Undergrad: 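Structure below; questions to follow.
Note that the structure is predicted; figures quoted are calculated from it, not measured. Only this structure's heavy atoms are used, side chains among them; waters, hydrogens and symmetry mates stay out.
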Amino acid sequence: MDHDSTDHPKPPRKARQGSQPDLPPQDLTAADVDPATSAAEEDDEARLPEAPEEPAEAIAEGPLAIGHAAIENAVRLAPTSPGVYRMLNAASDVLYVGKAKNVRKRLASYARVNAPLPARILRMIAATVTVEIVSTTTETEALLLEANLIKQLRPRFNVQLRDDKSFPYILITGDHWAPQILKHRGAQTRPGRYFGPFASAGAVNRTITALQRAFLIRSCTDGFFESRTRPCLLYQIRRCSGPCTREIDFPGYSELVREATDFLSGRSHAVKELLAAEMEKASNELEFETAALYRDRLAALSAIQSQQGINPRTVEEADVFAIHQEGGYYCVEVFFFRTGQNWGNRAYFPRAEKSFTPQEVLASFLAQFYDDKPPPKLILLSHDIEECALLADALCVKAGYKVEISVPKRGEKKELVTHALTNAREALGRKLADTATQGRLLEAMASTLGLPQVPKRIEVYDNSHIQGTNAVGAMIVAGPDGFIKNQYRKFNIKSEGLSPGDDYAMMREVLERRFKRLLKPPEGDAAKAKPDDDSFPQWPDLVIIDGGRGQLNAVREIFDGMGLTQVSLMAVAKGPDRDAGRETLFMPNREAIKLEPRDPVLYFIQRLRDEAHRFVIGSHRKLRKKDIREAGLQEIPGIGPSRKRALLHHFGTLKEIERASIADLGKVPGVSAESARKIFEFFHAQPG
């Protein structure tokens, strides 16, 4: 589905004179990322939640009676109109969020003492001490509010969708006379046309690359575009038509943008027919170079559709949901079809108790899934769900157009659902196998290292710098389901009194910033957080650092100073000549540990250490790249961050700022004549 933002293109502007480098100020693989909204590309599958266990013992008579009494008290005051109710325990934690057409009638069903209810419901009633009610005008409003509250509060007895990633879109900008094509995440506030959602960043990147070859639309930033006097390398390799230096005129470029928009809007067949006709015409007129260009563009369009695998003939726009249950876990596989093309799929592992049926999980999943994203006009399901018509009405109200939800029984739509169901079954199988393997490794690690318990959360810390400059620390997190990338953190070293290269002091700053936040008493909503809110602890069971006995002792002193005694510590020292497989492990008050090179536990520790190293090096390189880009401006008196950004936006690169005259520098917004003179003299001062 595409979204159109307000479009106010600017008139053509004259290219700036001077010589520029041949590449945009970003590598080719990252040229399509909107810097204002880019996010970390972590497209690993969602982790598998812990399956809540049903207790075998009977419910105590006393607590159950107390719960019934609390609900009976709420029934007396409950309205007979639609609404949402919340059941709370003694600590005011929300246990369950539900909606009903008649709230009083629904609560009365919980209050009946001898009613045959599942053990899950009985446990919920036994823990309930109060009920809160919110009335709504319609049942549709109640459904939307229920989904929103479940995602926000994560009640223990509800199905919980764990979705911490925004979907990427393709954006063709509308705030410049020569629109740019790029990948976009987050709020859709920039003017232009948005096409998506795509299931992964990889699918977006491949599609944008092919679209550049097919339609020759620029991907460079506006600042770089304005600074060109000759085409960059993308023009030379036929991935851009060169509007920056008027290699193509405004009408011609607008036609390319229109064709790209038509293709992404579902009129791909018409676009391909037009290109084929132009190729034939050029060939008949013996313009073979032009014909070859059209041939290459057609090949690029065919590549887009071939990479997307299954492309339905009768389904223009739809989301396909299939759910599979196994071993007390659930997997929902979602396929996205837009403009008759497959835009990828993603697997979700919602948290739900074993007593839930697949239909119940799927119904709750759908309401939460579309809480923060627009639905398509057609939703195909693998299972019939209750209140299907109500959910469709709610999505219609939310989207502003008709949304159909159906369970196909035959034809191509049935084949799409069957294909999604196969993927759900395989994804859950892979995740269960990976989780079992990870669990065995953690148990072996606890046994080998003599840990007091099998670690559920492992944090690994590392630092990176070059002679003390651009110092950055990083923390990666692993658990029973592998690396938990949404828990990763980086720390820009802020202390000014550090000696260059003082790794101990850097590690002290990182650890103090990390654990002082945990030691601080929670406030507000954080104080109400429940241990089972996320099934993944915030406190680590094991902290691993890259280093030897000296680093271990330094960290131990830091922990002793903060009163941290419940966290196990380990340092991993590289082997002779940094040989992998010959690492030495150090733990407090113990002899050094040397494991066999082929030991699975050692290999697991190496993976943890290498992942931390990868993450911290990447963070350091980003910081250094930014520093290099702004280097040369930082030392000029009176030039602060705002003027730096204005200069870089106006000229595009540092080299162009260096080559600019005083008059050109004075044209930059916010740069006075005196500042322009200082900048010019800084770059052109004679050595003396």
Undergrad: Would you check, one step at a time, whether the test side-chain contact (heavy atoms from CB on, under 4.5 Å) holds for Asn423 with Phe335?
TA: CA-CA 10 Å; Asn423 278 266; Phe335 275 79; 3.7 Å; yes
Undergrad: Checking Gln180 side chain against Cys220 main chain: does a donor-acceptor pair fall under 3.5 Å?
TA: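 Present.
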Undergrad: Could you check whether any side-chain heavy atom of Lys456 comes within less than 4.5 Å of a side-chain heavy atom of Leu442, counting everything from C-beta outward?
TA: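 A side-chain contact under 4.5 Å is absent here.
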Undergrad: Give me the atom names and distance for the closest heavy-atom approach of Ala478 to Phe483.
TA: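 So the two residues come closest at CB-CD2, 4.1 Å.
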Undergrad: So do Lys431 and Tyr329 actually touch side chain to side chain, heavy atoms under 4.5 Å?
TA: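 They are not in side-chain contact.
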Undergrad: So how far is it from Glu412 CD to His419 NE2, rounded to the nearest 0.5 Å?
TA: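 One gets 12.0 Å once the value is rounded to the nearest 0.5 Å.
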Undergrad: If you look at every heavy atom in Leu391 and Leu143, which pair is closest and at what distance?
TA: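 Scanning both residues completely, I find the closest heavy atoms to be CA-CD2, 3.6 Å.
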Undergrad: Between Thr138 and Pro82, is there a side-chain heavy-atom distance shorter than 4.5 Å?
TA: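 No, every pair of side-chain atoms sits at 4.5 Å or beyond.
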Undergrad: Out of curiosity, Glu141 CD to Asp393 CG, how far, rounded to the nearest 0.5 Å?
TA: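 Reported value, rounded in 0.5 Å steps: 12.5 Å.
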Undergrad: Looking only at heavy atoms, what is the nearest atom pair of Leu95 and Met124, with distance?
TA: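 It is CD1-O, 4.0 Å.
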Undergrad: Would one find more than 12 heavy atoms of other residues, nucleotides or ligands at under 6.0 Å from atom NZ of Lys101?
TA: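 No, the 6.0 Å shell around NZ holds no more than 12 heavy atoms from other groups.
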Undergrad: Salt bridge between Lys99 and Glu387, side-chain N to carboxylate O under 4.0 Å?
TA: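 Glu387 and Lys99: salt-bridged.
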Undergrad: Does Arg104 have any side chain to side chain contact (heavy atoms under 4.5 Å, CB included) partners at least two apart in sequence or in another chain, and if so, which?
TA: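 Partners of Arg104 under the side chain to side chain contact (heavy atoms under 4.5 Å, CB included) test: Val75, Ala78, Thr80, Asn102.
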Undergrad: So do the side chains of Leu390 and Thr140 get within less than 4.5 Å of each other, counting heavy atoms only?
TA: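 They are in contact (side-chain heavy atoms under 4.5 Å apart), so the answer is yes.
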Undergrad: Keeping Gln368 on the side-chain end and Val159 on the backbone end, is there a donor-acceptor pair under 3.5 Å?
TA: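 Pair found, side chain donor or acceptor close to backbone of Val159.
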Undergrad: Measure the CZ-CZ distance between Arg218 and Phe225 for me, rounded to the nearest 0.5 Å.
TA: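 Nearest 0.5 Å value for the CZ-CZ distance: 5.0 Å.
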Undergrad: Apply side-chain contact (heavy atoms from CB on, under 4.5 Å) to the pair Ile170 and Leu211, showing each step before the final yes or no.
TA: CA-CA 11 Å; Ile170 288 178; Leu211 288 172; 4.1 Å; yes
Undergrad: Could you tell me the separation between the CG atom of Asp371 and the CG atom of Leu145, rounded to the nearest 0.5 Å?
TA: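 Interatomic distance, Asp371 CG to Leu145 CG, rounded to 0.5 Å: 10.0 Å.
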Undergrad: Calculate, to the nearest 0.5 Å, the distance between atoms CG and OG1 belonging to Asn89 and Thr128 respectively.
TA: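 Going from the CG atom of Asn89 to the OG1 atom of Thr128 covers 8.0 Å.
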Undergrad: Is there side-chain contact between Asn158 and Tyr96, with heavy atoms separated by less than 4.5 Å?
TA: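 Touching, per the 4.5 Å side-chain cut-off.
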Undergrad: Working to the nearest 0.5 Å, report the span between OH of Tyr253 and CG of Leu216.
TA: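 Nearest 0.5 Å value for the OH-CG distance: 9.0 Å.
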Undergrad: Evaluate Leu416 against Phe337 for side-chain contact (heavy atoms from CB on, under 4.5 Å), listing each step before the verdict.
TA: CA-CA 10 Å; Leu416 294 177; Phe337 294 95; 3.8 Å; yes
Undergrad: So, for Tyr330 and Phe356, is the gap between ring centers shorter than 6.0 Å?
TA: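 No - the distance between ring centres of Tyr330 and Phe356 does not fall below the 6.0 Å cut-off.
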Undergrad: Applying side chain to side chain contact (heavy atoms under 4.5 Å, CB included), name anything that partners Cys331, two or more places apart in sequence or on another chain.
TA: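 So Cys331 forms a side chain to side chain contact (heavy atoms under 4.5 Å, CB included) with Glu333, Ala347, Phe349, Ala424, Ala427, Leu428.
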Undergrad: Checking Gln160 side chain against Pro155 main chain: does a donor-acceptor pair fall under 3.5 Å?
TA: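 Side chain of Gln160 to backbone of Pro155: a pair is present.
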Undergrad: Report the C-alpha distance between Asp481 and Gln438 in whole Å, list the side-chain angles of each, state the deciding distance to 0.1 Å, and finish with yes or no for side-chain contact (heavy atoms from CB on, under 4.5 Å).
TA: CA-CA 6 Å; Asp481 298 304; Gln438 189 82 358; over 6 Å; no
Undergrad: Please check: side-chain N/O of Ser382 versus main-chain N/O of Val417, any donor-acceptor pairing under 3.5 Å?
TA: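 Here the side-chain-to-backbone pair does not exist.
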Undergrad: Under the rule for side chain to side chain contact (heavy atoms under 4.5 Å, CB included), what residues qualify as partners of Arg106, not counting sequence neighbours?
TA: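 With neighbours one apart ignored, the set is Tyr85, Ala100, Ser109, Tyr110.
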Undergrad: Counting only heavy atoms from other residues, nucleotides and ligands, does the tally under 6.0 Å from CD of Glu386 exceed 12?
TA: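 No.
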Undergrad: Between Arg338 and Asp319, is there a salt bridge with N-O shorter than 4.0 Å?
TA: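 Arg338 and Asp319: salt-bridged.
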Undergrad: Is it true that the side chains of Ser355 and Arg120 contain a donor and an acceptor less than 3.5 Å apart?
TA: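 Ser355 vs Arg120: donor-acceptor pair found between side chains.
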Undergrad: Can you name the closest pair of heavy atoms from Lys377 and Glu317 and give their distance?
TA: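 Smallest heavy-atom distance, with atoms named: N-OE2, 3.1 Å.
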Undergrad: Answer yes or no: is there a side-chain heavy-atom contact under 4.5 Å between Phe615 and Lys485?
TA: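 The answer is no, as the side chains (C-beta and beyond) never meet within the 4.5 Å cut-off.
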Undergrad: Judged by atom type as modelled, is there a donor-acceptor pair below 3.5 Å linking the side chain of Ser364 to the main-chain atoms of Glu360?
TA: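 No, Ser364 side chain to Glu360 backbone: no donor-acceptor pair under 3.5 Å.
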Undergrad: With a 4.5 Å cut-off on side-chain heavy atoms, are Met87 and Leu107 touching?
TA: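 With C-beta onward as the side chain, the pair touches.
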Undergrad: Could you pull out the closest heavy-atom pair between Val204 and Tyr169, with the gap in Å?
TA: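 Minimum heavy-atom separation between Val204 and Tyr169: CG1-O, 4.2 Å.
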Undergrad: Please name the pair of heavy atoms, one in Gln325 and one in Lys354, separated by the smallest distance, quoted to 0.1 Å.
TA: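 Heavy atoms of Gln325 and Lys354 come nearest at NE2-O, 3.9 Å.
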Undergrad: What I'd like to find out is whether the side chain of Val134 reaches to under 4.5 Å of the side chain of Arg86, using heavy atoms alone.
TA: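 The answer is yes; the side chains approach within 4.5 Å.
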